[in-house]
Number of protein chains: 2
Amino acid sequence: MAIVSRYTVALHILTFITEKTGNSDAFITSNQIAVSVGTSPVFIRRILGSLAKANLVIVKHGGTDTGWKLARSSDKITLLDVYEAVVQKPLFESHHSKPNTDCVIGRGIQPALHHIYNQSEAAMKQQLRQYSISDLLLETVAQFNLMEAEKRL
Amino acid sequence: MAIVSRYTVALHILTFITEKTGNSDAFITSNQIAVSVGTSPVFIRRILGSLAKANLVIVKHGGTDTGWKLARSSDKITLLDVYEAVVQKPLFESHHSKPNTDCVIGRGIQPALHHIYNQSEAAMKQQLRQYSISDLLLETVAQFNLMEAEKRL
DNA sequence: TCCCAATGTAACCATATTAGTTCTATTGTA
DNA sequence: TACAATAGAACTAATATGGTTACATTGGGA
């Protein structure tokens with residue numbers, strides 16, 4: 001398959017929080033986010049939990065004004081930070097079956113692929129590191145405005 | 001999840017065929033390959049079917065000496081060729097749910113991510129393009145010899 | 001101290017994907 | 001025509017994903 005949509009949702013969440021709170025210290029609830037993403041608050045909280053473990057968001061319980069906010073400025077959170085927080089598995093999977101160890105190929109191919117797979121995954125991550133949530137918000141708003149302008153034609 | 005193990009198996013298949021046939025015109029059966037991979041011939045044939053569609057292998061039916069061989073020299077088949085043949089989906093998945101189109105983020109984030117996702121996937125593929133099946137066979141044999149040497153200590 | 005809105009988390013379900021198995025049809029040369 | 005292997009459909013088991021429901025927990029404010 002592909003990289004789970006959980007990653008896309010995580011980026012949606014952080015971009016949404018950034019847009020709603022701006023420079024303020026407000027907290028956003030999982031319900032508000034769920035409406036924007038179009039899914040259930042529980043699913044959102046599961047992902048927020050991963051982001052909290054990676055110290056990307058802060059949660060506030062009890063009283064009024066509860067919910068979530070960014071743990072640091074949105075231009076200090078890269079898309080790679082989010083990837084590492086949400087995707088735990090390596091990009092490439094090895095055999096499910098156990099290759100025949102009497103065979104040269106069966107024995108040697110897994111270590112041989114290891115280096116190549118690592119290199120490819122690193123190249124992909126290097127791209128993600130070049131963008132921050134702040135960049136993503138700017139681009140998202142730009143795309144939104146573009147679509148609105150087209151609608152008015 | 002991750003890139004399916006089908007890709008790893010496809011590389012195993014092609015490396016195996018290369019090692020067994022060398023420069024000869026011999027054909028390898030799906031049964032022989034299945035033994036090396038440690039799985040069923042049907043699964044192997046399913047993957048060989050994808051590789052055949054991408055013109056990476058040739059199948060021969062009927063008579064004696066039936067089975068599969070490479071469609072071109074192993075140093076002319078890159079790991080990217082195999083990736084494109086076997087993995088049809090984009091690396092990154094978009095939302096499963098439908099984002100709220102009344103929301104700036106819900107509306108703009110998918111096109112905003114599109115470019116970034118494409119760039120990351122391209123960087124990963126670029127790495128795969130640098131290796132051929134021939135390179136992979138060399139490295140696999142080297143790793144095998146290394147492990148055999150360690151065993152003798 | 002009690003209230004309460006929202007989080008934290010477990011349990012359960014539906015769905016999709018992956019890979020393994022079995023079976024039957026087909027291929028095309030000897 | 002025989003036959004050795006592929007082609008492919010149908011079925012199963014295992015796993016992962018995301019959605020739903022339910023309930024305990026948090027902790028500031030009345």
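Chain identifiers are assigned alphabetically (A, B, ...) following the order of the sequence lines, protein sequences preceding nucleic acid strands; residue numbering begins at 1 within each chain.
Between C:dA19 and B:S5, a contact under 4.0 Å exists linking OP1 or OP2 to a side-chain N or O. For D:dA4, neither phosphate oxygen OP1 nor OP2 lies less than 4.0 angstrom from any side-chain nitrogen or oxygen of B:H61. Of the side-chain N and O atoms in B:R45, none sit less than 4.0 angstrom from OP1 or OP2 of D:dA7. At the phosphate of D:dT6, OP1 or OP2 sits under 4.0 Å from a side-chain N or O atom of B:S30.
Using a 4.0 Å heavy-atom criterion, one finds that B:T66 contacts the sugar-phosphate atoms exclusively.
One atom, CG of A:L51, and another, C1' of C:dT7, lie 15 Å apart when rounded to the nearest Å. Put simply, CD1 on A:I33 is 12 Å from C1' on C:dT7, counting in whole angstrom units. The interatomic distance linking B:N31 (CG) with C:dT22 (P) rounds to 14 Å, in whole Å. For the pair A:L48 CG and C:dT7 P, the computed distance is 8 Å after rounding to whole Å. A:Q32 places its CD atom 8 Å from the P atom of C:dA6, with the value rounded to the nearest Å. Protein atom CD1 of A:I44 is 16 Å distant from nucleotide atom P of D:dT17, rounded to whole Å. To the nearest angstrom, P of D:dT26 lies 18 Å from CZ of A:F27. Separating the CG atom of A:D65 from the C1' atom of C:dT7 is a distance of 14 Å, rounded to the nearest angstrom.
Evaluated for a side-chain contact (heavy atoms from CB on, under 4.5 Å) with B:L56, the options B:L51, B:V86, B:I133 yield exactly one hit, B:L51.
With distances taken from any side-chain atom of A:W68 to the nucleotides C:dT7, C:dG28, D:dA5, the minimum falls on C:dT7. Taking only side-chain atoms of B:V42, from C-beta outward, the nucleotide of D:dG18, D:dA22, C:dT22 with the closest atom is C:dT22. Closest to the side chain of B:R46, from the set D:dA10, D:dT20, C:dT22, is D:dA10. The side chain of B:K89 approaches C:dT17 more closely than any other nucleotide in the set C:dA19, C:dT17, D:dG19.
Salt bridge status for A:K60 with A:D25: absent, with no side-chain N to carboxylate O gap under 4.0 Å.
Counting heavy atoms from C-beta on, the side chains of B:T101 and B:R107 come closer than 4.5 Å.
Under the 30°/60° scheme for interplanar angles, the aromatic rings of A:F92 and A:Y117 are found to lie parallel.
Of the possible donor and acceptor atoms, one in the side chain of B:T18 sits under 3.5 Å from a partner among the backbone N and O of B:L14.
Annotation: of the two residues near DNA chain D, B:G67 and A:G62, the 5′-most nearest-nucleotide partner is B:G67. Comparing B:T29 and A:F43 along DNA chain D, the residue whose closest nucleotide (by nearest heavy atom) sits nearer the 5' end is B:T29.
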